[in-house]
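Sequence positions, counted from 1, serve as the residue numbers for this chain.
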Amino acid sequence: MSHLPNRVEFRLLVLLAVATALAGCGRGFQPRDFATPEALFQASLLEFQQKKWDNAQLGFERLTSDLSSRDPLLAPAFFYLALTHERKQEYLLAAQAFERVTDGFPDDTLAPTAMLGTGRAYQSLWRRPSLDPEQGQKAASILRALLSSYPDAKETEDAKRRITQLEEWFAQKDYLTAVHYIKVRPVVDGAIIYLKDIVTTYPTTKAARLSWLRLHELYTKIRWKEDAAETCSAMWKAYPGDADVKVACGVAATDTATATRVPPEAVTSPVAYARPAPRVSR
């Protein structure tokens, strides 16, 4: 019976070799097998549509290296190569391939879509606000360039939405830095610089509202009464009716004046007297 393991091992080796050969035949995509660039492009596109990213990448890479700069297939080859890298989450390579379209073929119909793809790829490289925002800044710059270079393109709506998202992250990162200056270091002047920059540069973000409240808190703490009063005026205008603003600053003087002009006979329910705006000594 000692010969039986050898037979089993031999059969296993044969089966393994057959499986390997079949796998090689099943993969069956070799760019050199296609006689013309057009045939290779169509085959690579089919691989892309079937989500066979590695095969698609092989085909489009071969095309981008073999085609002449004037070949009409070159721009779409770079474009689909970029999309393939993006599907594989190779965002830097995707951005570089998208840029080959916009830099080499700015008048091509694919150019605005490729520029959006470049911004999208760089945005994907900035994974959260606490990290280095360099890639996010590149994304915002490219997306703004899309708005100016192709103002009528359908891609502008997506670009605007992405710019808004990026600005939220920029503001959030600066706000986290300001809080770090306040709580960890603490350096009040440094925090104030960051907070003022947020409310000036990103006034419509969520972090802008938080920054105004922090500025008022800091100004009150260090007894800069005029600056504290100015933050209240800005917040009354930007966030009317906001509960946190009312807690920090009271009710705007104009709101109080409006309330006092209501005729007593028109009041049919108990009067809720609002706390007036703080008096500021100068």
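For the pair T118 (side chain) and A114 (backbone), a donor-acceptor distance under 3.5 Å is present. For S148 (side chain) and A145 (main-chain N/O), a donor-acceptor pair under 3.5 Å exists by modelled atom type.
L147 is connected to Y150 through a chain of hydrophobic side-chain contacts under 4.5 Å among Ile, Leu, Val, Met, Phe, Trp and Tyr, so both are in one cluster. No continuous path of ILVMFWY side-chain contacts below 4.5 Å connects V187 to I182, so the two sit in separate hydrophobic clusters. V245 and L195 fall within the same hydrophobic cluster, defined by Ile, Leu, Val, Met, Phe, Trp and Tyr side-chain heavy atoms under 4.5 Å apart, directly or through other members. L116 and L110 are members of different hydrophobic clusters when ILVMFWY side chains are connected at heavy-atom separations under 4.5 Å. A single hydrophobic cluster is not seen to contain both W212 and F170; linkage of ILVMFWY side chains at heavy-atom distances under 4.5 Å, directly or through other members, places them apart.
Atoms CD and NZ, on E157 and K154 in that order, are 12.5 Å from each other to the nearest 0.5 Å. A distance of 12.0 Å separates SG of C249 from NZ of K246, quoted to the nearest 0.5 Å. For the atom pair OG1 of T36 and CD of Q42, the computed distance is 9.5 Å after rounding to the nearest 0.5 Å. Atoms CG and CZ, from L143 and R161 in turn, are 10.0 Å apart once rounded to the nearest 0.5 Å. Here L210 contributes atom CG and L215 contributes atom CG; the two are 11.0 Å apart, rounded to the nearest 0.5 Å. Note that CG of L40 is 10.0 Å distant from CG of L58, once rounded to the nearest 0.5 Å.
By the 4.5 Å heavy-atom criterion applied to side chains, L83 and F79 are counted as neighbours. A heavy-atom distance below 4.5 Å is not found between the side chains of Q165 and E168. The closest side-chain heavy-atom distance from W126 to Q137 is not below 4.5 Å. The closest side-chain heavy-atom distance from K138 to L125 is not below 4.5 Å. Annotation: side chain of Y122 is in contact with side chain of L92 (closest heavy-atom distance under 4.5 Å). Side chains of Q123 and Q135 form no contact here, defined as non-hydrogen atoms less than 4.5 Å apart. Taking the side chain as every heavy atom from C-beta outward, D174 and Y202 approach each other to under 4.5 Å. By the 4.5 Å heavy-atom criterion applied to side chains, R120 and Y91 are not counted as neighbours.
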Quiz item: M235 and D242: side chain to side chain contact (heavy atoms under 4.5 Å, CB included), yes or no, with the steps?
Solution: CA-CA 9 Å; M235 286 191 288; D242 185 274; over 6 Å; no
Exercise. Decide side chain to side chain contact (heavy atoms under 4.5 Å, CB included) for F105 and L74; before the verdict, give the C-alpha distance in whole Å, the side-chain angles of both, and the deciding distance to 0.1 Å.
Key: CA-CA 9 Å; F105 311 92; L74 186 57; 3.7 Å; yes
Practice problem: Check the pair F60 / W53 against ring-ring contact (aromatic ring centres under 6.0 Å, His included), numbers first and verdict last. | Solution: CA-CA 10 Å; F60 292 125; W53 311 128; over 10 Å; no
Quiz prompt | Derivation and outcome, salt bridge (Lys or Arg N to Asp or Glu O under 4.0 Å), residues E61 and R100 | solution = CA-CA 13 Å; E61 282 181 342; R100 294 295 297 271; over 6 Å; no
Practice problem: Carefully, step by step, assess T164 and K160 under the rule side chain to side chain contact (heavy atoms under 4.5 Å, CB included). | Solution: CA-CA 6 Å; T164 299; K160 291 175 183 177; 5.5 Å; no
Practice problem: Show your reasoning for whether ring-ring contact (aromatic ring centres under 6.0 Å, His included) applies to Y175 and Y194. | Solution: CA-CA 7 Å; Y175 182 76; Y194 272 95; over 10 Å; no
Practice problem: May I have the step-by-step check of side chain to side chain contact (heavy atoms under 4.5 Å, CB included) for R128 and Q172, ending in yes or no? | Solution: CA-CA 10 Å; R128 56 180 181 273; Q172 185 178 345; over 6 Å; no
Practice problem: Go through F29 and F34 one step at a time and tell me if the ring-ring contact (aromatic ring centres under 6.0 Å, His included) criterion holds. | Solution: CA-CA 10 Å; F29 186 85; F34 299 91; 5.6 Å; yes
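Salt-bridge annotation for R162 and D158: present, with a side-chain N of the basic residue lying under 4.0 Å from a carboxylate O of the acidic one. Between E230 and K196 there is no salt bridge, since no side-chain N of the basic residue sits under 4.0 Å from a carboxylate O of the acidic one.
Taking each heavy atom of L63 and P37 in turn, the nearest pair found is CD2-O, 3.7 Å. Nearest heavy atoms, E47 versus A56: CB-N, 3.9 Å. Between A140 and L166 the shortest heavy-atom distance is N-CD1, 3.7 Å. The heavy-atom pair separating L146 from A159 by the smallest distance is CD2-CB, 3.6 Å. Residues T231 and A228 approach most closely at OG1-O, 2.5 Å, considering heavy atoms. Shown here for A208 and V199, the closest heavy-atom pair between the two residues is O-CG1, 3.6 Å.
A donor-acceptor pair shorter than 3.5 Å can be found between the side chains of K88 and Q57. For the residue pair E155/T113, the side-chain donor-acceptor check at 3.5 Å is satisfied.
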